[in-house]
Amino acid sequence: MKTKTPWHSGKMICVAVFFIAAIVTLVAIAIVQNKPLEQKYKYGIVLDAGSSHTAMYIYEWPAEKENNTGMVGQRHKCKVKGKGISSYAREVAGAGRSLAMCMEEAKQCIPAAKHQDTPVYLGATAGMRLLMKQDRNSAVKVMEAVQQTLQASPFSYQGARIISGQEEGAFGWITVNYLGKNFQKAAGTMGALDLGGASTQITFVSKETIQSPDNAMEFRLYGNDYQVYTHSFLCYGKDQVLKLALEKKLKSADTSLEDPCFHTGYSEDKLFQKVFDSPCVQAVSTDAMNKSFMHKGSGNFIECQNSIKDIFNFSQCKNSQCSFNGVYQPPVEGTFGAFSAFYFVMNFLNLTGQSLADTKKGMEHYCQTPWNTIVENHPKVDKKYLAEYCFSGTYILTLLENGYNFTSENWKDINFIDKIEGSNAGWSLGYMLNLTNMIPAEAPDTPLMPHGGFVTLMLFLTLFLLILLFLGYTFLGRPSCLPPKEIV
Ligand SMILES: Nc1ccn([C@@H]2O[C@H](COP(=O)(O)OP(=O)(O)OP(=O)(O)O)[C@@H](O)[C@H]2O)c(=O)n1
Ligand SMILES: [Ca+2]
């Protein structure tokens, strides 16, 4: 009598076919599931309307990861031609027109299908704060003009406003720490130092309880609480501070001025108006405004630094300690990112990685270099900017050391930075993250493993079990608990 093996039975062939089909289906599903999905991106536009110029930033991020830290990056930057919007006080329509070219670039850069869903924000800083003081009516009109241009664009207009100094400081701090992925690290956060044309900001986390409410900001980000100190000094940006310094040295009867902050051999006829046209300095008569003086350099760092110290008031302080002008500031703590003009100037001077003593030596050497040598060494740099680096570098040193109280010990904690992970350091990214609620207060629940990994693991486990079952059945025979095979 012959025993028929189950392999030859029709039932078993059927089971085998289904078994193979099931494996093929599982493998196919796993492959399809794990194929990198086409990334869906979202976009956002922020216009940083600074005192000296406007910059437009386009940010992008993968749609499904918008609440993870560090996921938003800068896709494109467009520098608006000409000066800042506050310079259009007498011709307000020009402020709106000035943005047109960058808005056109944004249309090219962002896929047309996404235009409608792309928010656009404009934030104006110290230039507009000053214009608001000087000529409120014109300031309002300038803001209306830029609003019109943005509303006429295909993007989703979300507002154009003058941001406060506290916001400017705080959002700069959020930007550098978001880009550095510091909010979810135990190492702590990085302070932010921003130097613009018309104002400067210092922002950092302090252990000390902040003694003045105007300087305190509290954030809960990704499940951690932060108490942040921030202050914005209006008129202490690099361009306004030059006016403050010249105002201290100039008498209205002067026809010439010898200035240690400019190089020997430098000489330029300047209108009093250039110095006194700002609400940061004391007004002079219209007569005086139309006069000019010969601005001559004498190139001496120490004398320059002494003259710059005159524009800081170090004598009064109502709190336990102050930076200057009676402004409360706890001692600086931790590392700092110093960006905008802090970076432009120190990078130009090649002084971004030196000790405090070597930075001073470098400045001493640079300031005493004659003007014609400076021009020869930098033929491509605009002379207006070139002339001011001795002044600006000396101001930066004085602000950091005498103003904010950095010392030779913690000087190395200041990192002069332009970009982090390809995105510019500045308030604009933090501003957008905040307005689009992209920084959650609590840390998002993260699954144990990504979805693709989970599917693969499940598939392999299933396969493994099936193979075990199959092998068991073939090599070890039918389990003894099953009823005996019928003998035909
Ligand atoms: N490559 C550059 C770009 C700018 N600047 C100067 O650096 C200063 C600050 O520039 P910025 O940070 O762009 O200032 P704003 O944002 O325009 O001014 P604020 O923030 O005060 O409104 C200005 O004097 C500008 O002329 C520079 O020296 N080199
Ligand atoms: Ca700025």
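Counting starts at 1 for both ligands and their atoms, following the listed order.
Using a 4.0 Å cutoff on heavy atoms, Gly237 does not count as a contact of ligand 1. In this structure, Ser199 has a heavy atom closer than 4.0 Å to ligand 1.
Other residues, nucleotides and ligands contribute at most 12 non-hydrogen atoms within 6.0 Å of the NE2 atom of His365.
Within the 4.5 Å cutoff, no side-chain heavy atoms of Gln166 are placed close to those of Asn215.
Atom 24 (O) of ligand 1 has its closest protein heavy atom at Asp239 OD1, 2.7 Å.
Below 4.0 Å from some heavy atom of Gly196 lie the following atoms of ligand 1, by number and element: 9 (C), 12 (O), 14 (O), 18 (O), 19 (P), 20 (O), 21 (O). Against a heavy-atom cut-off of under 4.0 Å, Thr125 is close to the following atoms of ligand 1: 19 (P), 20 (O), 22 (O). With ligand atoms numbered from 1 in the order given, ligand 1 contributes 12 (O) to contacts under 4.0 Å with heavy atoms of Ser340. Interface of Ala341 with ligand 1, defined as ligand atoms under 4.0 Å from a residue heavy atom, comprises 7 (O), 8 (C), 9 (C). Of all atoms in ligand 1, numbered sequentially from 1 with element shown, those under 4.0 Å from a heavy atom of Glu168 are 20 (O).
Asp277 has a carboxylate O that lies under 4.0 Å from a charged side-chain N of Lys243, or vice versa, which qualifies the two as a salt bridge.
Between atom 26 (O) of ligand 1 and the options Phe344, Tyr385, Phe339, the minimum heavy-atom separation is to Tyr385.
Under the side chain to side chain donor-acceptor pair (under 3.5 Å) criterion, Glu247 pairs with no residue, sequence neighbours left out. Annotation: ring pair (Phe, Tyr, Trp, His ring centres under 6.0 Å) contacts of Tyr404 (sequence neighbours excluded): none.
Neither the backbone nor the side chain of Val345 has a heavy atom within less than 4.0 Å of ligand 1.
Cysteines Cys78 and Cys102 place their SG atoms closer than 2.5 Å to one another.
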